[in-house]
Amino acid sequence: MVLLKGRSFRLFLIVVFLGLSLCIVPIRGDERDVDCLRSIWESVEDPYHYLKSTWNFSNISKGAICSFTGVECWHPDDNKVLNVKLGNMKLKGSFPLGLANCTSLTGLDLSNNDFSGPLPSNISKIVVYLTALDLSSNNFSGQIPADLAECKYLNVLNLDHNQFSGQIPAELGLLNRIKTFSVANNLLSGPIPKFQANFTEEDFANNPGLCGAPLPPCNI
Ligand SMILES: *[C@@H]1O[C@H](CO)[C@@H](O)[C@H](O)[C@H]1NC(C)=O
Ligand SMILES: *[C@@H]1O[C@H](CO)[C@@H](O)[C@H](O)[C@H]1NC(C)=O
Ligand SMILES: *[C@@H]1O[C@H](CO)[C@@H](O)[C@H](O)[C@H]1NC(C)=O
Ligand SMILES: *[C@@H]1O[C@H](CO)[C@@H](O)[C@H](O)[C@H]1NC(C)=O
Ligand SMILES: *[C@@H]1O[C@H](CO)[C@@H](O)[C@H](O)[C@H]1NC(C)=O
Ligand SMILES: *[C@@H]1O[C@H](CO)[C@@H](O)[C@H](O)[C@H]1NC(C)=O
């Protein structure tokens, strides 16, 4: 204690402060996105090594993850992930819950893979700021979660060519920024929600029981 009085104590404080500000704070800020990608890497089956060949977590210096295949950052030397684009890689698995740690993610493309299983019912807590979500041409199944309507920034929502069943949640009509939408080629039935944008018949084609504009009216 005697040693920590006066000048020594001030020096001690300065060292602690520098340590905190120079090391811990920036690393913490970056680490969530690294954890996010590590968790995708661990949870997804990658039989053709599209990710295994470039996603190397031994180097987590600033910006290292920004050169990973399919990863785009807000800034090339800052580990903040903007988009994850993993289309056409023959990836398998369920929707990666670890994406919740990519807290600045605006675009997610998992199209043309072998992803399967239901979408998480809390999807809006996992990908809060998405403007574009492309899950087309996979094997996702179950109901489309009504919670997707809470992803308020969505401009693009492509769910076509999957095994989604049940009704399209009416809540999706609340997505007031949506410009592109497709649920074609699924197992959906029931009324099409009223959207603020106008979509075409092709966006709803090849489902066993969808009805209402732009398809023929539902029989009541
Ligand atoms: C990953 O990067 C480290 C250095 O950052 C290197 O030593 C190692 O060989 C790399 N591993 C692979 C599989 O490329
Ligand atoms: C680690 O990543 C940084 C940023 O991408 C790069 O400049 C550096 O060469 C890498 N180090 C090793 C050992 O691969
Ligand atoms: C986010 O990362 C932390 C570690 O930084 C981890 O404990 C947590 O499980 C991760 N969250 C998800 C949803 O993977
Ligand atoms: C979402 O729900 C799953 C369980 O279905 C849970 O493991 C996960 O932690 C939840 N994620 C968030 C961000 O709430
Ligand atoms: C897709 O999922 C269904 C069950 O939902 C399963 O029977 C089928 O084998 C899967 N198809 C592919 C190509 O994985
Ligand atoms: C949608 O179509 C209706 C009728 O054709 C039209 O009145 C409306 O302005 C269109 N809305 C948009 C957002 O294009």
Side-chain angles (χ1 to χ4, degrees), residues 19-74 76-86 89-110 113 115-135 138-154 157 159 162-166 169 171-172 174-175:
L20 280 175
S21 59
L22 292 181
C23 306
I24 296 170
V25 173
I27 289 174
R28 271 290 151 87
D30 284 355
E31 245 171 23
R32 282 196 80 174
D33 288 61
V34 176
D35 281 333
C36 162
L37 297 181
R38 189 184 284 117
S39 138
I40 296 175
W41 187 84
E42 283 167 358
S43 75
V44 166
E45 274 183 65
D46 174 26
Y48 293 87
H49 291 211
Y50 283 100
L51 310 186
K52 294 212 170 66
S53 54
T54 69
W55 290 31
N56 183 343
F57 292 96
S58 356
N59 182 359
I60 55 156
S61 59
K62 269 191 172 297
I65 60 173
C66 306
S67 59
F68 288 6
T69 300
V71 175
E72 293 175 3
C73 292
W74 283 87
D77 34 73
D78 191 12
N79 284 348
K80 275 279 151 211
V81 178
L82 172 70
N83 292 309
V84 169
K85 297 186 168 175
L86 306 180
M89 296 184 178
K90 303 219 179 343
L91 304 177
K92 269 190 184 178
S94 49
F95 186 89
L97 297 177
L99 282 165
N101 272 331
C102 281
T103 51
S104 317
L105 189 71
T106 66
L108 176 62
D109 178 2
L110 301 180
N113 283 296
F115 285 99
S116 59
L119 298 185
S121 59
N122 56 359
I123 189 164
S124 75
K125 305 283 189 307
I126 297 167
V127 287
V128 187
Y129 301 109
L130 275 198
T131 61
L133 176 60
D134 190 348
L135 302 178
N138 277 286
N139 203 12
F140 285 114
S141 58
Q143 304 220 352
I144 297 171
D147 185 53
L148 260 181
E150 300 297 319
C151 294
K152 294 186 192 310
Y153 306 101
L154 279 178
L157 179 55
L159 303 176
N162 279 287
Q163 313 272 339
F164 289 115
S165 56
E171 289 87 344
L172 293 195
L174 300 171
L175 288 168

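As the structure lists them, so they are numbered: ligands from 1, and atoms in each ligand from 1.
Distances below 4.0 Å separate heavy atoms of S58 from the following atoms of ligand 1: 1 (C), 2 (O), 3 (C). The atoms of ligand 3 that sit less than 4.0 Å from any heavy atom of G98 are 14 (O).
Compare N101, D35, D33 by their heavy atoms: the one nearest to atom 4 (C) of ligand 3 is in D35.
In this structure, atom 10 (C) of ligand 4 is in close contact with the protein, since a protein heavy atom lies within 4.0 Å of it. For atom 14 (O) of ligand 4, the nearest protein heavy atom lies closer than 4.0 Å.
Of all protein heavy atoms, the one lying nearest to atom 7 (O) of ligand 4 is L97 CD1, 4.2 Å. Nearest non-hydrogen protein atom to atom 12 (C) of ligand 4 is N122 ND2, 3.4 Å.
One distance of note links CZ of F164 with CG of N162; it measures 5.0 Å at 0.5 Å rounding. In this structure, CG on D33 lies 9.0 Å from SG on C66, to the nearest 0.5 angstrom. Taken from CG in N79 to OG in S61, the straight-line distance is 7.5 Å, to the nearest 0.5 Å.
Remark: the S124 side chain and the D147 side chain contain an N/O donor-acceptor pair separated by less than 3.5 Å.
Within a 6.0 Å radius of NZ in K90, other residues, nucleotides and ligands contribute 12 heavy atoms or fewer.
Not one N or O of K125 is nearer than 3.5 Å to an N or O of ligand 4, by distance alone.
One finds a salt bridge joining R38 and D35 here, because a Lys/Arg side-chain nitrogen approaches an Asp/Glu carboxylate oxygen to under 4.0 Å.
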